[in-house]
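Residue numbering restarts at 1 for every chain, and letters A, B, ... go by the order of the sequence lines.
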Number of protein chains: 2
Amino acid sequence: MAICLTADIVVFTFTDAVLKVLLVRRKKPPHQGRMALPGGFVSEKEPLEKAALRELKEETGLRLGAAEQLGSFGDPRRDPRGRIVSVAHLALVAAAPAPRAGSNASQAAWLPVKRLPPLAFDHKHIISSALERLRDKLDYSTAGFQLLSQKFSLPELETLYETVLDRKLDKRNFRKKMALLGILKPLNEWRRTGRKPARLYRFMPKKFEKLKEEGILFPF
Amino acid sequence: MAICLTADIVVFTFTDAVLKVLLVRRKKPPHQGRMALPGGFVSEKEPLEKAALRELKEETGLRLGAAEQLGSFGDPRRDPRGRIVSVAHLALVAAAPAPRAGSNASQAAWLPVKRLPPLAFDHKHIISSALERLRDKLDYSTAGFQLLSQKFSLPELETLYETVLDRKLDKRNFRKKMALLGILKPLNEWRRTGRKPARLYRFMPKKFEKLKEEGILFPF
DNA sequence: ACAAAAGTGTTCGATATACACCCATGT
DNA sequence: ACATGGGTGTATATCGAACACTTTTGT
């Protein structure tokens, strides 16, 4: 069985009103010099998720505690070296710490999902799957809040939703629903970018847990 | 890299008002004599889905055209032989042809999902994932109809939904919604099991496609 | 003063849910 | 005749969608 297993990871964040994915520049062939998802070979006794997180840390310096499995990509010709099946993972991060390059990567960077350069292997395809999954998660999870820093304004949150769902939302309806859910704590701080300052909020995970137990979902 | 890849498949059907999964009895260790999902090692140049379908045919005689990937199960200790990662698949079938035993399997049978015997490996866990996926699919796909034979009665369809969703539905509301969708063609045939005969219907895939294009979902 | 983005309520239509009785058949 | 499961309609509550103007700031 000359089949090898890699674990790759798609890490999204949302900064400057743009959804970004964490990529590294490949040091070695194949696809040397191209941008690619962080990832690498799974070691023999290592759980798949751990392998993805380990590679992420090695290649970008970003240390995360968990990732969710996206699925496996096993087209026999996806890697020119031979049969290499990739188990793709997904993670969302709030603040986007400046990535540092690591082993096997000569560069690590957050790139806007909308304007990606040509990527190695089928990584563009994997990112598409990840985006689709993110869209789904927006409806029933805290995905949206995980992508923003702890303090955020409602226009920021709305832009995030509009970006990921790829459609314009109604400002008033959006705010009404958020208010109704009661999972946002208004702060006495304002963000003074643009013209009129926007009030900042904090997400309240505990309230959200309560809602989930009651089976209430996000209405988008 | 001494990691091996298997492709396993969960095939569901719904007969006699019961949801069933297709299992085979293992001829060889490990877990010799236990029931397990159809599946086996992926060959070097074989797509994952094809591997699952090939193993299904070899072990049960059931020949299917497609399966959807469920995810990969890679706990390092899931297989006593060593590191073997399984890519699990899901398929739904209408009629349930009598399975025949094949290579590596001394028996193949449809077993009720609610009352499974002890299974090999983590296959019970895989079946749980498959069930969850099926529940999700019921809402936005033709999954329900794929599990029944071409002609079916509304009570049968309702029982199927109740079984998979694991809750009682209101007869009148259920029928109203189905009628509203307009994807069922009433036939001039009646099923005379039980007491009063139940009218039979046929699912109209074309109407369903039209609904999907309009973005209309199933309301359960 | 003006441009640009933040903030705010109401109305309406659609849809999910709750609910009770009659009907056709087999025994 | 009766037991069993098939079949039918209405009323109410909830939720999502549509929609326009005022406010605050920077230039």
Distance-only donor-acceptor pairs under 3.5 Å for side chains of residues 15-27 of chain A, two or more places apart:
{"residue": "A:Thr15", "atom": "OG1", "partner": "A:Lys20", "partner atom": "NZ", "Å": "2.9"}
{"residue": "A:Asp16", "atom": "OD2", "partner": "A:Lys20", "partner atom": "NZ", "Å": "3.4"}
{"residue": "A:Lys20", "atom": "NZ", "partner": "A:Thr15", "partner atom": "O", "Å": "3.4"}
{"residue": "A:Arg25", "atom": "NE", "partner": "A:Gln107", "partner atom": "OE1", "Å": "2.6"}
{"residue": "A:Arg25", "atom": "NH1", "partner": "A:Gly33", "partner atom": "O", "Å": "2.8"}
{"residue": "A:Arg25", "atom": "NH2", "partner": "A:Gln107", "partner atom": "OE1", "Å": "3.2"}
{"residue": "A:Arg26", "atom": "NE", "partner": "A:Pro30", "partner atom": "O", "Å": "2.7"}
{"residue": "A:Arg26", "atom": "NH2", "partner": "A:Pro30", "partner atom": "O", "Å": "3.3"}

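- Taking the side-chain hydrogen bond (donor to acceptor under 3.5 Å, both in side chains) definition, one finds that B:Glu132 meets it with nothing, sequence neighbours left out.
- As rounded to whole Å, 14 Å separates atom C1' of C:dC22 from atom CZ of B:Arg175.
- The salt bridge (charged side-chain N to carboxylate O under 4.0 Å, His left out) pairs that include a residue from residues 190-205 of chain A are A:Glu156-A:Arg191, where partners are two or more places apart or lie in different chains.
- When the C1' atom of C:dA6 is taken as reference, atom CZ of A:Phe174 falls 14 Å away, rounded to whole Å.
- One can place CZ of B:Arg199 at 14 Å from C1' of C:dA24, the figure rounded to the nearest angstrom.
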Using a 4.0 Å heavy-atom cut-off, write out nucleotides 18-27 of chain D from 5' to 3' as B (base contacted by protein), S (sugar-phosphate only) or - (no contact). BBB--BBBBS
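- Rounded to whole Å, atom C1' of D:dG5 lies 11 Å from atom NZ of B:Lys168.
- Here the P atom of nucleotide C:dT15 and the CG atom of B:Leu181 are 10 Å apart, to the nearest Å.
- The ring-ring contact (aromatic ring centres under 6.0 Å, His included) test applied to B:Phe121 returns B:His31, B:His123, not counting sequence neighbours.
- Salt bridge annotation for B:Lys151-B:Glu189: present, with a cationic side-chain nitrogen under 4.0 angstrom from a carboxylate oxygen.
- Protein atom OH of A:Tyr161 is 13 Å distant from nucleotide atom P of D:dG16, rounded to whole Å.
- Between the CG atom of B:Leu154 and the C1' atom of C:dC23 there is a distance of 16 Å, given to the nearest Å.
- Screening residues 114-125 of chain B for salt bridge (charged side-chain N to carboxylate O under 4.0 Å, His left out) gives B:Arg78-B:Asp122, B:Lys114-B:Asp166 as the qualifying pairs, with residues at least two apart or on separate chains.
- One atom, CG of A:Leu184, and another, C1' of C:dG7, lie 15 Å apart when rounded to the nearest Å.
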